[in-house]
Amino acid sequence: MAGREEQDEDGPDERAADPSQGVYGISVVSGLLGTGVQNLRAYERAGLLQPDRTAGGTRLYSPEDVARLRRIQRLLTDGLNLTGVGRVLDLEDDLAEARQELEQLRDGGPAPD
DNA sequence: TTTCTAACA
DNA sequence: TGTTAGTA
């Protein structure tokens, strides 16, 4: 029955419910993206993302990191190089932040007369 | 698991 | 330049 939300915790459990918390190992992410672990490290070296690390130093990729990695591959296949990908990701991140600020201004911004 | 090096398209 | 492969 589906009465219990979490009966068995197989693999990455979402009990944390934190999309920014690293839960996937590099091998798991490499399988999800269909690429080698070496590429994932290359992306990190390029500064495209910084996955969390355990006390032992093992990389832990969060769902957000996986989504970002998918965008990275998308941009790479689009013809961009790692530098261009990092540029786009940085701009997109900045754009998301700007949109958040804009939303705040619209919601509870300075009441116009 | 990590890092590095080498080679290929 | 990016990816793959092998190695310690």
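Here the structure is a predicted model, which is why all the values come from computation and not from measurement. Quick note on labels: first sequence line is chain A, next is B, and so on, each numbered from 1.
Going from atom CD1 of A/I26 over to atom C1' of B/dT2 covers 9 Å, rounded to whole Å. Taking atom CG of residue A/L60 and atom P of nucleotide B/dT2, one finds them 9 Å apart after rounding to whole Å. As a whole-Å value, the separation of A/L48 CG from C/dT3 P is 10 Å. Nucleotide C/dG2 holds its C1' atom 13 Å from the CG atom of A/L40, rounded to whole Å. Between the CG atom of A/D78 and the P atom of C/dT1 there is a distance of 19 Å, given to the nearest Å.
Nearest heavy atoms, A/L48 versus A/L89: O-CD1, 3.9 Å.
Along DNA chain B, the nucleotide nearest to A/Q38 and the one nearest to A/V28 differ in position, and the one closer to the 5' end is contacted by A/V28. Residues A/R45 and A/T58 both approach DNA chain B. Their nearest nucleotides, taken by heavy-atom distance, put A/T58 toward the 5′ side.
Nucleic acid contact for A/T35: sugar-phosphate only, since backbone atoms but no base atoms lie under 4.0 Å from a heavy atom of the residue. Residue-level contact check: A/R59 touches the backbone only, with heavy atoms under 4.0 Å from sugar-phosphate atoms and none from bases.
At a threshold of 4.5 Å between non-hydrogen side-chain atoms, the residues A/T54 and A/L60 count as touching.
Between A/Y43 and C/dG2 there is no side-chain polar atom (N or O) within less than 4.0 angstrom of OP1 or OP2.
Atom CG of A/D65 and atom CG of A/L40 lie 10.5 Å apart (nearest 0.5 Å).
The pairing partner recorded for C/dT7 is none, the criterion being a Watson-Crick or G-U wobble arrangement whose two distances lie under 3.5 angstrom. Nucleotide B/dT3 forms no Watson-Crick or G-U wobble pair with any nucleotide shown, as no partner meets the under 3.5 Å limit on both distances.
Other residues, nucleotides and ligands place no more than 12 heavy atoms under 6.0 Å from the CD atom of A/E103.
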